[in-house]
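Quick note: residue numbers are just sequence positions, from 1.
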Amino acid sequence: MPFTVAEIAQLVAGEVVGDETLTLHGFAPADLAQPGDLTFAENESYFVRAEQSAAAAIIVAGPFKSEKKVLIRVANARIAFAKVLPLFFPEPAYPAGIHPTAIVPASAQVDPTAHIGPYCVLGDKARIGARSVLRGANHVGAECSLGEEVHLFPNVTLYPKTEIGDRVRIHSGAVIGADGFGYVQDGGIHLKVPQIGNVIIRDDVEIGANVTIDRGALGPTRIGKGSKIDNLVQIAHNVTVGEHCLVVSQAGIAGSTRLGDYVVLGGQVGLAGHLKIGHRATVAAQSGVMHDIPDGEKWFGYPAQPDRQTKRQILALQQLPDLLKRVTELEKKLGIKHGTPVE
């Protein structure tokens, strides 16, 4: 669907430099743009490529000028990009109704505007909210509750009593509500501790492919409003993830650890159990966290420490070979055999 430059500028609160009546038919990166396309440039090097491209207009951040292209000047080009892209690439619409291959018990409550795709299975007393979409082969356990505009991609599994808020997206292969890893030794065997809690996911959460979130042993595992969880993340029983957190791929959070709001965990971060990670804390990729982290701090390393401390240690290690060489040379000058103590 085409849009004028003026319409797009209004959406992104931008200033038009050039012909605001120009019609745009698509959105593409500069190297793939065709005549009539819109592109974006968030820095000078991007802008040079965009201006040389076939695109008709450019979303820019900063005082760029062009005699070739119409510009839409905004405060942040990447934010504008995120807002404009759905105009040209809207998500497909799914018709309301229940596919004939789906299994839906009489006790389930499915809003008439919801879409239940092929081979979905709903448990007893499951509830599916307005305009929610189950794409296909989804298993929604007994007494699960899904809010409005929830989107389950194919092959998502929700164990019984999982609670999901509004506008939650869960990608393929995710398993929500499996047993937490809880055992005690009894007479030389591992005795399973029943996991009788559930998982609660608040509004506007997105969960990546093949994520696993375990239900609580007692009480819930919680994922806070607006948090985004990348692919291949493991969240253990009774973990609490605060609001608007970012958890990047292959991170693992052990049981009963609590994340504050706006926490960022880089890829392959591991958190030990029963920790408290403060609001707006950041943990760099491949770090192993063994201790609580105060609000606002940046940690990395294995074991993780405040970033300045770890950086100093890394710099010291880099200087160690040269330091050893200098010590050896000094010992030779003093006639000291390597490793001989000085009296």
Side-chain angles (χ1 to χ4, degrees), residues 91 93-182 192-227 229 233-241 243 255-256:
E91 289 200 4
Y94 294 90
I98 300 173
H99 193 276
T101 61
I103 298 175
V104 180
S107 61
Q109 300 177 30
V110 178
D111 190 277
T113 63
H115 171 90
I116 309 298
Y119 302 105
C120 291
V121 177
L122 273 58
D124 289 335
K125 299 181 181 179
R127 292 180 293 169
I128 311 298
R131 300 174 300 283
S132 289
V133 173
L134 279 61
R135 292 277 289 269
N138 302 120
H139 185 99
V140 177
E143 299 183 53
C144 285
S145 173
L146 279 64
E148 297 182 359
E149 299 180 22
V150 173
H151 195 129
L152 303 187
F153 288 81
N155 298 304
V156 169
T157 298
L158 306 181
Y159 277 62
K161 297 185 178 180
T162 297
E163 300 177 24
I164 295 178
D166 298 335
R167 300 174 300 280
V168 172
R169 294 164 62 88
I170 305 179
H171 289 269
S172 295
V175 178
I176 312 299
D179 281 3
F181 195 70
K192 184 177 179 66
V193 177
Q195 306 291 291
I196 60 173
N198 69 334
V199 176
I200 299 174
I201 298 173
R202 300 301 187 189
D203 298 346
D204 300 303
V205 169
E206 183 153 10
I207 296 172
N210 295 317
V211 168
T212 52
I213 302 176
D214 295 341
R215 69 176 179 264
L218 292 171
T221 301
R222 300 178 186 272
I223 310 298
K225 178 180 178 180
S227 288
I229 300 171
V233 168
Q234 156 66 7
I235 297 176
H237 57 186
N238 296 104
V239 165
T240 295
V241 175
E243 295 185 357
S256 299

**Student:** If you define the side chain from C-beta out and look only at heavy atoms, does anything of L134 sit under 4.5 Å from L146?
**Tutor:**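 Yes, side chains in contact.
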**Student:** Taking the basic N atoms (NZ, or NE/NH1/NH2) and the acidic carboxylate oxygens, is any pair closer than 4.0 Å for R169 and E206?
**Tutor:**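 A salt bridge links R169 with E206.
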**Student:** Do the charged groups of E149 and R167 touch, with an N to O distance under 4.0 Å?
**Tutor:**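 Here E149 does not pair with R167 in a salt bridge, since their nearest N and O are not under 4.0 Å apart.
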**Student:** Would you mind reporting whether I207 and V156 have side-chain heavy atoms less than 4.5 Å apart?
**Tutor:**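 Of all side-chain heavy-atom pairs linking I207 with V156, none is under 4.5 Å.
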**Student:** Would you mind listing every ring-ring contact (aromatic ring centres under 6.0 Å, His included) that reaches into residues 99-140, with sequence neighbours excluded?
**Tutor:**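 Every ring-ring contact (aromatic ring centres under 6.0 Å, His included) pair that includes a residue of residues 99-140, provided the two are not neighbours, is Y94-H115.
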**Student:** Are the side chains of V205 and V241 in touch, meaning some heavy atoms are under 4.5 Å apart?
**Tutor:**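 When only atoms from C-beta onward are counted, V241 and V205 do not touch, as no gap falls below 4.5 Å.
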**Student:** If you define the side chain from C-beta out and look only at heavy atoms, does anything of H151 sit under 4.5 Å from E91?
**Tutor:**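 The answer is yes; the side chains approach within 4.5 Å.
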**Student:** Nearest 0.5 Å please: distance from the CZ atom of R127 over to the CG atom of D111.
**Tutor:**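 Taking CZ in R127 and CG in D111, the distance rounds to 12.5 Å.
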**Student:** Rounded to the nearest 0.5 Å, what's the gap from CD1 on I170 to OG1 on T162? Could you check?
**Tutor:**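 I170 CD1 to T162 OG1: 8.5 Å, rounded to 0.5 Å.
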**Student:** Does a side-chain heavy-atom distance below 4.5 Å link I229 with I235?
**Tutor:**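 Heavy-atom side-chain distance check passes, below 4.5 Å.
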**Student:** Answer yes or no: is there a donor N or O on one side and an acceptor on the other, between the side chain of D166 and the main chain of E148, under 3.5 Å?
**Tutor:**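 Side chain of D166 to backbone of E148, a donor-acceptor pair under 3.5 Å: yes, one is there.
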**Student:** Quick check: closest heavy atoms across E163 and N198, and the distance to 0.1 Å?
**Tutor:**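 Closest approach of E163 to N198: OE2-ND2, 3.4 Å.
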**Student:** Test: ring-ring contact (aromatic ring centres under 6.0 Å, His included). Region: residues 157-177. Which pairs qualify, not counting sequence neighbours?
**Tutor:**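 Residue pairs passing ring-ring contact (aromatic ring centres under 6.0 Å, His included), neighbours aside: F153-H171.
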**Student:** Using a 4.5 Å cut-off on heavy atoms from C-beta on, say whether the side chain of L158 contacts that of L152.
**Tutor:**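 Heavy-atom side-chain distance check passes, below 4.5 Å.
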**Student:** Nearest 0.5 Å, please: how far is CD1 in I116 from CG in N138?
**Tutor:**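 With rounding to 0.5 Å, CG (N138) is 8.5 Å from CD1 (I116).
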**Student:** How long is the gap from CD1 on I200 to CZ on R222, to the nearest 0.5 Å?
**Tutor:**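 Answer rounded to 0.5 Å: 4.5 Å.
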**Student:** What are the two closest non-hydrogen atoms of G147 and S132, and how far apart are they?
**Tutor:**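 Shortest heavy-atom separation between G147 and S132 comes out as O-OG, 2.8 Å.
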**Student:** Looking only at heavy atoms, what is the nearest atom pair of I128 and L122, with distance?
**Tutor:**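 Smallest heavy-atom distance, with atoms named: CG1-CD2, 3.8 Å.
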**Student:** Quick check: closest heavy atoms across V140 and C144, and the distance to 0.1 Å?
**Tutor:**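 Minimum heavy-atom contact is CG1-CB, 3.5 Å.
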**Student:** Any salt bridge linking E243 with K225? Criterion: basic side-chain nitrogen under 4.0 Å from a carboxylate oxygen.
**Tutor:**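 No.
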**Student:** What I'd like to find out is whether the side chain of S107 reaches to under 4.5 Å of the side chain of K125, using heavy atoms alone.
**Tutor:**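 Yes; the side chains approach each other to less than 4.5 Å.
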**Student:** Taking all non-hydrogen atoms of both residues, which atom of G216 and which atom of T221 are closest, and how far apart?
**Tutor:**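 Shortest heavy-atom contact: N-OG1, 3.4 Å.
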**Student:** How close do G123 and P105 get, counting heavy atoms only, and between which atoms?
**Tutor:**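 Closest approach of G123 to P105, heavy atoms only: O-CG, 3.5 Å.
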